[in-house]
*Asks:* 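Handing you a structure now.
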Amino acid sequence: GFFHGPHIELREFMVPFLNPVNVGVIAISSTLLVIIPILAILYGLFKALFKFKARDRGLGLSALALWVLALITTISMVFVEARGFSDGEDAVTTSVIKDINGDTLYVSMDEGKLAKLEWEDRLEIDNNWYLFEDEDAIFGSIELDIEKGYNDDFEIGIEKSSRGYDEEDALERIEKIGYSYSIEGNRIELDPYFEIDKDDKWRFQNIDITIYVPEGKAVNLNSNTSDYLSGIYNLDHISTWKMGGKTWVMQEDGLSFSGK
C-alpha cells in the first residue's frame, strides 16, 4: 500500500510535507465550499416546503461572497503549496575509493540501519519513505547502480536530487540531504537510507548511488543489497533483484557473473 505503519498521527504525518498553517486554512475554506451550497439548498427547500417569504437577499449575497472568498483562498493556498515542487535540480559528486586490496570490491548495506527499518515503528510511503516516531527527520531509501568505470580505481558517485520553489531553493535542499557510507579495506558499507530534517520539508528528495567498476575488476554484492539495486545491466540477463549475493566481473560490454 501507499501508507504503512501504526502509531503515526495525521498531524505528525503532514508536518514534513506541508505548511500546517496553510493546511489549516485549506481545510477551513474547503469546508465552507461544501457547507455553504448545502445550507443554501436546505434553506431553499425549507422556504418552499413552508411557503414563507423572507427578506434574505442580503443573506444570500453575503453567503455568495463568503463562498467566492473560500474558493479563492483554497486555490491560492493550493498554489502556494504546489509552488514548493515546481523546480527540480540534482547534484552529482564522484569520489575515488582508495587503497583497495585486490581487484574485488565488496559492497553491503549497514546491518544496524537495516535493523532499524525492520523493528522501529514507521510510516512507509510507496515502499520507499519512512517516518520514525521518535525521530525529527524523514528518511528515504537509496537506489544502487553498478556501472563501468573508465579509470583504474573503483569510484562511487552520489547523485542527490530535490524539488523546490526555484533552482536556488532546490539546490539548498540538496545540500541538506544527509547521507554517509564507510570504507574499510576492500569493503564499502552503505547506509540504506538518507535523511532530511522534518522542518526542511519533503520535496521529492532522492539519492542514487553508483559504484563504478573498472574493466577487469569485480564487485561482490552482498545479499542485503538486493532490495536497493536498480536497473543494473548484466551480460547474463539475470534480474537485478537476483544479483545480490553474487560476484560480478566488469567486462568490456558490462557485468558478467563470475560463478561465485
*Asks:* Assigning hydrophobic clusters by single linkage (Ile, Leu, Val, Met, Phe, Trp, Tyr; side-chain heavy-atom cutoff under 4.5 Å), is Trp67 placed with Met77?
*Replies:*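 Hydrophobic grouping puts Trp67 apart from Met77.
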*Asks:* Taking C-beta and beyond as the side chain, do Asn151 and Val96 meet within less than 4.5 Å on heavy atoms?
*Replies:*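 No, too far: nothing below the 4.5 Å cut-off.
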*Asks:* Hey, does Tyr228 have a side-chain heavy atom less than 4.5 Å from the side chain of Ser141?
*Replies:*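 Result yes, sub-4.5 Å side-chain heavy-atom pair found.
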*Asks:* Compare every heavy atom of Gly164 with every heavy atom of Arg173, then report the nearest pair and how far apart it is.
*Replies:*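 In terms of heavy atoms, the two residues are closest at NE-CA, 4.4 Å.
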*Asks:* Provide the closest heavy-atom pair for Leu32 versus Ala70 in the form atom of the first, atom of the second, distance.
*Replies:*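 It is CB-CB, 3.9 Å.
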*Asks:* Find the distance between NZ (Lys201) and CD (Glu81) and round it off to the nearest 0.5 Å.
*Replies:*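 It is 8.0 Å, given to the nearest 0.5 Å.
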*Asks:* Which heavy atom of Ser256 sits nearest to which heavy atom of Gln251, and what is that distance?
*Replies:*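 In terms of heavy atoms, the two residues are closest at CB-CG, 3.6 Å.
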*Asks:* Can the positive tip of Arg187 be found less than 6.0 Å from the middle of the six-membered ring of Tyr106, inside 45° of the ring normal?
*Replies:*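 Yes, a cation-pi geometry.
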*Asks:* Quick one: does Asn234's side chain have a donor or acceptor within less than 3.5 Å of a partner on Asp236's backbone?
*Replies:*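 Yes, Asn234 side chain to Asp236 backbone: donor-acceptor pair under 3.5 Å.
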*Asks:* With hydrophobic residues grouped by side-chain heavy-atom distances under 4.5 Å, do Leu49 and Phe46 end up in a single group?
*Replies:*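 Yes, same cluster.
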*Asks:* In terms of ring plane angle, is the pair Trp202 and Phe204 parallel, tilted or perpendicular, where the classes change at 30° and 60°?
*Replies:*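 Trp202 and Phe204: tilted rings.
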*Asks:* Taking the side chain as C-beta and beyond, is there a heavy-atom pair between Ile38 and Ile41 under 4.5 Å?
*Replies:*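 In short, these two side chains do not touch, never coming nearer than 4.5 Å.
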*Asks:* Less than 3.5 Å apart, any donor N or O on the side chain of Asp191 or Ser180 sitting next to an acceptor on the other?
*Replies:*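 On atom types as modelled, these side chains qualify, holding a pair under 3.5 Å.
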*Asks:* Which of these passes side-chain contact (heavy atoms from CB on, under 4.5 Å) with Ile26: Val21, Val78, Ile75, Val80?
*Replies:*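 Answer after filtering Val21, Val78, Ile75, Val80: Val78.
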*Asks:* Just so I know, are the side chains of Ile188 and Phe154 near enough to count as touching, which here means a heavy-atom distance under 4.5 Å?
*Replies:*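 No, every pair of side-chain atoms sits at 4.5 Å or beyond.
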*Asks:* At what distance, to the nearest 0.5 angstrom, does CG of Asn206 lie from CD of Glu143?
*Replies:*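 Answer rounded to 0.5 Å: 6.0 Å.
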*Asks:* Can you tell me how far apart OG (Ser239) and CD1 (Ile232) are? Round to the nearest 0.5 Å.
*Replies:*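 Interatomic distance, Ser239 OG to Ile232 CD1, rounded to 0.5 Å: 12.0 Å.
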*Asks:* Could you tell me which non-hydrogen atom of Ser86 sits nearest to which non-hydrogen atom of Tyr165, and how far apart they are?
*Replies:*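 Minimum heavy-atom separation between Ser86 and Tyr165: OG-O, 2.9 Å.
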*Asks:* Nearest 0.5 Å please: distance from the CG atom of Leu229 over to the CG atom of Leu221.
*Replies:*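 These two atoms lie 5.5 Å from each other.
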*Asks:* Less than 3.5 Å apart, which donor and acceptor atoms pair up between the side chains of residues 213-220 and the rest of the protein, not counting sequence neighbours?
*Replies:*
unit_1	atom_1	unit_2	atom_2	d
Glu215	OE1	Lys148	NZ	3.2
Lys217	NZ	Asp152	O	2.7
Asn220	ND2	Thr247	OG1	2.8

*Asks:* Only one of Thr240, Ile211, Ile207 clears side-chain contact (heavy atoms from CB on, under 4.5 Å) with Leu144; which?
*Replies:*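 So the option named by the test is Ile211.
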*Asks:* When you compare the side chain of Leu235 with that of Asp253, does any pair of heavy atoms fall below 4.5 Å?
*Replies:*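 They are in side-chain contact.
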*Asks:* Is it true that Val68 and Ile36 fall in one hydrophobic cluster, defined by side-chain heavy atoms closer than 4.5 Å?
*Replies:*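 Cluster IDs for Val68 and Ile36 match.
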*Asks:* Side chains of Ile142 and Tyr179: does their closest heavy-atom pair fall under 4.5 Å?
*Replies:*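 Answer yes - side chains close enough.
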*Asks:* Hey, is the main chain of Ser223 close enough, under 3.5 Å, to the side chain of Ser226 for a donor-acceptor pair?
*Replies:*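 Between the backbone of Ser223 and the side chain of Ser226 there is a qualifying donor-acceptor contact (under 3.5 Å).
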*Asks:* When you measure from the side chain of Asn222 to the backbone of Thr225, do you find a donor-acceptor pair of N or O atoms at a distance under 3.5 Å?
*Replies:*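 No, Asn222 side chain to Thr225 backbone: no donor-acceptor pair under 3.5 Å.
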*Asks:* Locate the shortest heavy-atom distance separating Trp248 from Met243; write the atom from each residue and the value.
*Replies:*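 Distance-wise, the nearest heavy atoms are NE1-O, 3.1 Å.
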*Asks:* Does the side chain of Leu190 come within less than 4.5 Å of Val107's, by heavy atoms?
*Replies:*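 Answer yes - side chains close enough.
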*Asks:* Is there a path of hydrophobic side-chain contacts, each under 4.5 Å between heavy atoms, that joins Leu64 and Tyr43?
*Replies:*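 No: no chain of side-chain contacts under 4.5 Å links Leu64 to Tyr43.
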*Asks:* For the CD atom of Glu159 and the OG1 atom of Thr93, what is their distance to the nearest 0.5 Å?
*Replies:*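 The distance works out to 10.0 Å.
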*Asks:* Would you give the length of the straight line joining atom CD1 of Ile196 to atom CD of Gln205, rounded to the nearest 0.5 angstrom?
*Replies:*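 It is 3.5 Å, given to the nearest 0.5 Å.
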*Asks:* Just wondering, are more than 12 heavy atoms of other shown residues or ligands nearer than 6.0 Å to CD in Glu168?
*Replies:*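 12 or below, so no.
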*Asks:* Which pair of non-hydrogen atoms, one from Ile183 and one from Gly185, has the smallest distance, and what is that distance?
*Replies:*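 For Ile183 and Gly185, the tightest heavy-atom pair comes out as CG2-O, 4.1 Å.
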*Asks:* Check whether any side-chain heavy atom of Asp208 lies under 4.5 Å from a side-chain heavy atom of Asp145, and answer yes or no.
*Replies:*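 They are not in contact (no side-chain heavy atoms under 4.5 Å apart), so the answer is no.
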*Asks:* Test side chain to side chain contact (heavy atoms under 4.5 Å, CB included) on Glu111 and Asn224; report intermediate values, then the result.
*Replies:* CA-CA 8 Å; Glu111 288 288 355; Asn224 68 12; 2.9 Å; yes
*Asks:* Would you say the side-chain atoms of Arg203 pair up with the backbone N or O of Arg163, donor to acceptor, closer than 3.5 Å?
*Replies:*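 Not a single qualifying donor-acceptor pair exists.
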*Asks:* Please check if Leu171 and Val92 belong to a single hydrophobic cluster, counting links between Ile, Leu, Val, Met, Phe, Trp and Tyr side chain heavy atoms closer than 4.5 Å.
*Replies:*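 In one cluster: no.
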